[in-house]
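Reviewing the structure listed below.
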Amino acid sequence: MKYDRITEENIRMLVDRFYARIRQDPQLAPIFNNAIGETSAEWTAHLQRMYDFWSSIMLASRRYHGNPMKKHLDLPPFEERLFDRWLELFSTVANEIFNDGIADSFTGKSRNIARNFRRMMYPQPQ
């Protein structure tokens with residue numbers, strides 16, 4: 001069953017399923033494990049931040065308080081193309097959980113976020 005509305009519960013489902021895939025992905029897992037850690041305890045805090053982040057983005061809950069750009073700028077360098085892999089996994093999971101309109105809304109937001117991160121992390125010469 002695909003959801004036709006966004007709730008806190010299905011945001012958690014999206015985040016949990018997405019990051020479970022990240023943790024198994026041979027390209028992305030090393031980056032995330034290096035930044036977050038490899039244990040469930042280390043991941044719990046990150047997942048909670050992501051629940052709050054997506055709740056704030058999609059439900060205007062205002063639960064997220066942080067600076068995601070700074071967090072990403074502080075990461076060790078990684079290949080820019082990995083943003084495409086991140087977006088691919090996110091889109092796949094969103095489309096598994098939500099109907100087309102809602103999945104499109106999530107993936108549209110994720111593309112905007114990735115575009116902003118890319119601009120800051122990989123500036124193009126003028």
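Residue numbers count from 1 along this sequence. In this text, all values refer to a predicted model and were calculated from it rather than measured experimentally.
- Atoms CZ and CG, on Arg12 and Leu47 in that order, are 8.5 Å from each other to the nearest 0.5 Å.
- The aromatic rings of Trp54 and Phe106 sit tilted, their planes meeting at an angle between 30° and 60°.
- Considering only residues two or more places apart in sequence or on other chains, Arg119 meets the salt bridge (charged side-chain N to carboxylate O under 4.0 Å, His left out) condition with none of them.
- Under the salt bridge (charged side-chain N to carboxylate O under 4.0 Å, His left out) criterion, Arg21 pairs with Glu96, not counting sequence neighbours.
- Put simply, CG on Leu82 and CD1 on Ile31 are 4.5 Å apart, with the number rounded to the nearest 0.5 Å.
- In this structure, NE2 on His46 lies 3.5 Å from CD1 on Ile36, to the nearest 0.5 angstrom.
- Considering only heavy atoms from C-beta on, Asp25 stays 4.5 Å or farther from Trp86 through its side chain.
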>> Working note: Thr107 + Leu87, criterion side-chain contact (heavy atoms from CB on, under 4.5 Å); need CA distance, chi angles, decisive distance, verdict.
In response: CA-CA 8 Å; Thr107 57; Leu87 288 167; over 6 Å; no

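- Looking at every heavy atom in both residues, Tyr122 comes nearest to Glu79 through OH-C, 3.8 Å.
- Counting only distance, with no hydrogens or angles, the side chain of Ser55 and the backbone of Asp52 share no donor-acceptor pair below 3.5 Å.
- The side-chain hydrogen bond (donor to acceptor under 3.5 Å, both in side chains) pairs that include a residue from residues 32-41 are Thr39-Glu42, where partners are two or more places apart or lie in different chains.
- To the nearest 0.5 Å, atom CD1 of residue Ile57 and atom CE of residue Met50 are 10.0 Å apart.
- Within a 6.0 Å sphere centred on CZ of Arg5, heavy atoms belonging to other residues, nucleotides or ligands number 12 at most.
- Looking only at side-chain heavy atoms (C-beta outward), Tyr51 and Asp16 come within less than 4.5 Å of each other.
- Looking at every heavy atom in both residues, Leu59 comes nearest to Thr7 through CD1-C, 4.1 Å.
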> Where do Glu8 and Met58 land on the side-chain contact (heavy atoms from CB on, under 4.5 Å) test, with the steps shown first?
Replying inline: CA-CA 10 Å; Glu8 295 291 348; Met58 302 305 291; over 6 Å; no

>> Applying side-chain contact (heavy atoms from CB on, under 4.5 Å) to Leu14 and Phe98, what does each step give before you reach the verdict?
In response: CA-CA 9 Å; Leu14 171 94; Phe98 296 103; 4.3 Å; yes

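- Atoms CG and NZ, on Asp104 and Lys109 in that order, are 13.0 Å from each other to the nearest 0.5 Å.
- The heavy-atom pair separating Asn99 from Ile102 by the smallest distance is OD1-N, 3.0 Å.
- Among the candidates Tyr19, Phe83, Phe18, the single residue satisfying the ring pair (Phe, Tyr, Trp, His ring centres under 6.0 Å) test with Phe90 is Phe18.
- Salt-bridge annotation for Arg118 and Asp84: present, with a side-chain N of the basic residue lying under 4.0 Å from a carboxylate O of the acidic one.
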